[in-house]
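Data block below; observations after.
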Amino acid sequence: MASSSLLPHSLLSLPTASSRFPKSSLTISSISFSLNQVSITRTGSVAFQPLVRRGRESTFGIARAGETGEEETPAETGGDESATETLEEESSVAVAVEEKPPKKPIVKLNEIIGILNKKAIEEAETIKVVPDIKPGDIVEIKKEKANRRRLALYKGIVISKSSSGVHTTIRIRYMTSGTAVEIVFPVYSPKIKEIKVVSHRDVRRAKLYYLREKLPRFYTFKKK
Amino acid sequence: MGVVAIASQGLSLALGARLLQRNRSNPTPTPLLPLPLPLPSVVRLCSSRKGSARRMEVLAMASFEAGIGVLATKLGMMTYIHPEGNVIPVTVVGFREGNVVTQVKTSATDGYDAVQVGYRRVRDIKLTKPELGHLQKVGAIPMRHLQEFRLQSVDGFEPGQLLDIEEIFKEGDLVDVSGNSIGKGFQGGIKRHNFARGPMTHGSKSHRQLGSIGAGTTPGRVYKGKKMPGRMGGVKTKIRKLSIVKIDTDLRAILIKGAVPGKPGNLLRITPAKIVGKNIPKN
C-alpha cells in the first residue's frame, strides 16, 4: 500500500517540510470575525485551510510536495484512489501556497486614519488632478453650482493652506465689484472640478493675512 | 382622615393611638416603621384620601439594551466626503483583538439575561489568576475588559463566540456610543453648569462667581443638588443616535458621524440606539 508505506516517512519528513514554508506564513495576520469560529484570512488562505483542518492526510500531502520538489505527481501514488485524489488536491494546494503573493501586513490602529485619508485622496484624484498649491499662488478654481448647470469660476490669491489629509483647504482672496471676498475651498471635494495655478507671487509668509490691510490692487485679478 | 393599612401584625393599641394622632396633625400618611417588624416582600401603603391612591411596590429595576453591542477603541476623527459631495465629520473607531462572548447569563442561573463580552487582548501576566481562569473556562484569549449587555433574550449566543461587526451593524444604523469623557478637573460654575458671567466692568466685583445660592431665613439652608463648582468630566457618558457612515472591512474600522466621548485610544461601548416607539424593550 502506497499510503501505509509512505506514512512513517511523511511523519519523519514533517519538520523539514514545515521549515520550507517561512515561519511568518503560519502566523495570524488578520482575524476575521465569524459567528462560530476564528478563520485566518489572508490572500491564498482558502487554499491553506484544507491543509490545516485535515488530519494525517495533510502532513502526508506536504511531505509529498516537499519530496517531489513541488511537482504535481498523481501518478506516483499508486493504486489507492482516495489517496491519489487527496494527493492531487494537496500537491496542487501546496503549489498554490508556495506561489501566492506575500501576506498582507498587520495594520496598526494608529495607522488606520492615515490609510483612510490616503484612500480618500486617491479617490478624489480620479475626479481631478490637484496641483501642488502654495501660499502666494494665483489660482483659478472651477466649482460646480447647486443647480449643476454652469461651473462657477473663482480667481484669486491663495492666502493660506491648511493641510489635513482629505480635508486640505485653501483660502482664496479676491475682489469682485468693490467687495473683497475670501473663500475656503476643500481641495479634494468632488464639487470642485478644476484647480489651475495661473501664476505665483513671491511671498515670505505661509499665511498672507496681511493682505487684508493692504490696498485692493494686491488681490484684484482680471478674469479672462 | 387617612387610614394607613400596614400588611403586618402585632401593632399595640398605644401605637395605633399614636398613629391616629399623627394622622390628625399632618394629613399625609407617613410610612411608619418604628419597630423592627418583619417586612413582607411587598409593602403596600394606600391612602383612601380623595384622588390620591399611592401604592408603593417593590419593583425589579431593569434596563435592557436594544440588541447586542460591541466594544471598540476610538482612533480619532477625520472628514468623510460623501459621494454626493457633502462633507461629514466622522469619528474613526477601530477594533482590537476581542469581542468574544465570555459568559452568557440566564435568568435560571443568574437571575437575569445578559451576554458578557471581552475586549482587548493582553499578556497573561497582566491578569490575575481568577480572571485568567474565568477566560480559560470558555477557551478565550486573555482580555482586559469585560462588559455585559443585558438583553431580553440570549438565544443565539454561546460562550467563546466571536461577535462579527458586519452582522450586528450596517451602514446607516443609529447607534449609542458610551465611554469615559475627557476629564476637565475641578471646574467652576460657568464651565460646569453653563452659568452666566457677571459684568466685567462698571464696578462689578463678581465676574465668574456663583451669585446667590439660595433664599433667606426660609428655608435657611442650601438645597441638595445646588449646582456648584466641582470635578467635571471623566465619567461615563453616552451619546445617542449617531449614525454609522461607513464600515471598512479590510481595516476593521467603523466611521461614525459626529464625536464620541474621550480621546483617541478610549474604550467605547457601541450598542444599537434605543429609540422610543421603535426598539425600547418592554418588560
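Excluded from the calculations below are hydrogen atoms, water molecules and symmetry mates; all remaining heavy atoms, backbone and side chain alike, are included. To find a chain, count down the sequence lines: A is the first, B the second, and so on, and within it residues start at 1.
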Report summary line: Of B:L251, B:T249, B:D248, the largest count of non-hydrogen pairs under 4.5 angstrom with chain A goes to B:L251
Requested in this report: On the 0 to 90° scale, with breaks at 30° and 60°, tag the B:H82-B:Y80 ring pair as parallel, tilted or perpendicular.
Outcome: perpendicular
Query raised in the report: Which atoms of A:K119 come close to chain B, meaning under 4.5 Å heavy atom to heavy atom: side chain ones, backbone ones, both, or neither?
Result: side chain
Query - A:R205 atom CZ: more than 12 heavy-atom contacts under 6.0 Å - result: no
**Report entry** Steps toward salt bridge (charged side-chain N to carboxylate O under 4.0 Å, His left out) verdict (A:K128, A:E194)
**Finding:** CA-CA 6 Å; A:K128 65 176 181 295; A:E194 191 193 322; over 6 Å; no
Query raised in the report: Which bit of A:I192 comes within less than 4.5 Å of chain B, counting heavy atoms only: side chain, backbone, both or neither?
Result: neither
Query raised in the report: For B:L75, is it the side chain, the backbone, both or neither that has a heavy atom under 4.5 Å from a heavy atom of chain A?
Result: both
Requested in this report: For each of B:D250, B:T73, B:I81, tally heavy-atom pairs with chain A at distances under 4.5 Å, and name the one with the top tally.
Outcome: B:I81
Query raised in the report: For B:V235, does its backbone N or O pair with a side-chain atom of B:S181 as donor and acceptor, under 3.5 Å?
Result: yes
Query raised in the report: Around atom NZ of A:K118, are there more than 12 heavy atoms of other residues, nucleotides or ligands at under 6.0 Å?
Result: no
